[in-house]
Amino acid sequence: MTQRQTEQVLEVKDLTVRFPIRGVFGRQDGAIKALDGVTFELHHGEILGLVGESGCGKSTLGKTLMGIQKPTAGSIQLDGKEIAGRTPKEARALRRRLQYAYQDPGASLDPRWKIGRSLEEPLIIHANLPREERLQKVTEILQAVGLPAGHADLFPHEISGGQQRRVGLARILMLNPEVVILDEPTAGLDVSVQATVLRLFADLRETFDLTYIFISHDLSVVRLMCHRVAVMYLGRIVEIGPVDEIMNAPKHPYTQSLLAAIPKVNGIRVTENFWLEGEPADAAHLPKGCRFQGRCPHVQPLCREQDPPDRTVGAQSAACHFAGEIYPPVPKQRENA
Ligand SMILES: Nc1ncnc2c1ncn2[C@@H]1O[C@H](COP(=O)(O)OP(=O)(O)O)[C@@H](O)[C@H]1O
Ligand SMILES: [Mg+2]
């Protein structure tokens, strides 16, 4: 880690987002806890992976950090400055420093506008630059993301999915952000295109001195790209730590299950009898105690009583009463092997 990587850019504490459920006649009938006390720090220049099953709150976290979604409670500090309760005017200035790249970049581009116009747009809104300079910047950024300047004159439907990702990224880079939240940035791309897009992210991080939150459900991509990983389950970060530690010695039974579910070399899984069974609990009706109790192979009476605190084990932190005391099953040795 370099000196700058120890600098904290973002500090998130107890971030909570509840979506009200409307019953008959529009009356509120409970709430979905999309985020339930999310706490973590982000350091300058790092890539923090955010993983977890669909619906666990990854996109909600990204949108809340960006200010698109209002938090119900909690604190977000950017360089020590509270931004959770910002006014629209403050939000506009801050939005330049923190950017959220949507899961589907095609959706963030106006199909009626040429790409150059879409790229220029954030500068028209946010910066007071003469047209000449805006166009100059469009050309520069297109080149930075590996597209010819001539692409400015094309429409979104005239380019491929991989090129749309690059344009989506270019649009964000127009504003010189410090932190970029990439939401499933390679979803839906061919494996070969994925590799080049991932390399582009790595290069751009160097060139533009960026910090990433990298949302993905693909653990093999996270292992390749990220310095640290946060594992989310039903609105909470249940485990966080350096990527190697998390991948080699997961401390939370949910992380252990996720890793066990990755197909291994030759399609043989190294662990047996340790499947992630069933569905997550209902985010509108979390059980008393641990949110993972219904699927946990190690569940104890305590887990049905108390929501576990975050326990520190080495460089990791895991929200499990028994973190550091439970292990995934040892791979069965094949006899006569
Ligand atoms: N605008 C919304 N209104 C109501 N519920 C929502 C909204 N956005 C997300 N949710 C719910 O919040 C939970 C988390 O969703 P999301 O953050 O999209 O998860 P992920 O990105 O991990 O798949 C889900 O239960 C989802 O249905
Ligand atoms: Mg999502």
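Ligands are counted one by one from 1 in listed order, and the atoms in each one are counted from 1 as well.
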Side-chain donor-acceptor pairs under 3.5 Å in residues 144-162, sequence neighbours left out?
residue : atom : partner : partner atom : Å
E158    : OE1  : F155    : N            : 2.7
S160    : OG   : Q163    : N            : 3.2

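- Taking a cutoff of 4.0 Å between a charged side-chain nitrogen and a carboxylate oxygen, E133 and K137 do not qualify as a salt bridge.
- Using a cutoff of 4.0 Å between basic side-chain nitrogens and carboxylate oxygens, D183 and K58 are not scored as salt-bridged.
- The Mg ion (ligand 2) has no N, O or S atom of T60 inside 2.8 Å of it.
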Are any protein N/O atoms closer than 3.5 Å to the N/O atoms of ligand 1? If there are, list each pair with names and the distance to one decimal place.
residue  : atom   : partner : partner atom : Å
ligand 1 : 17 (O) : T60     : N            : 2.9
ligand 1 : 17 (O) : T60     : OG1          : 2.5
ligand 1 : 19 (O) : G57     : N            : 3.2
ligand 1 : 21 (O) : S59     : N            : 2.9
ligand 1 : 21 (O) : S59     : OG           : 2.9
ligand 1 : 22 (O) : C56     : N            : 3.3
ligand 1 : 22 (O) : G57     : N            : 3.1
ligand 1 : 22 (O) : K58     : N            : 2.9
ligand 1 : 22 (O) : K58     : NZ           : 2.9
ligand 1 : 23 (O) : G55     : N            : 2.7

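- In this structure, D79 does not pair ionically with K81, as no charged nitrogen and carboxylate oxygen lie closer than 4.0 Å.
- Side-chain contact annotation: T211 with E178, donor-acceptor N/O pair under 3.5 Å absent.
- For the 3.5 Å distance criterion, the side chains of D310 and S317 fail to qualify, holding no donor opposite an acceptor.
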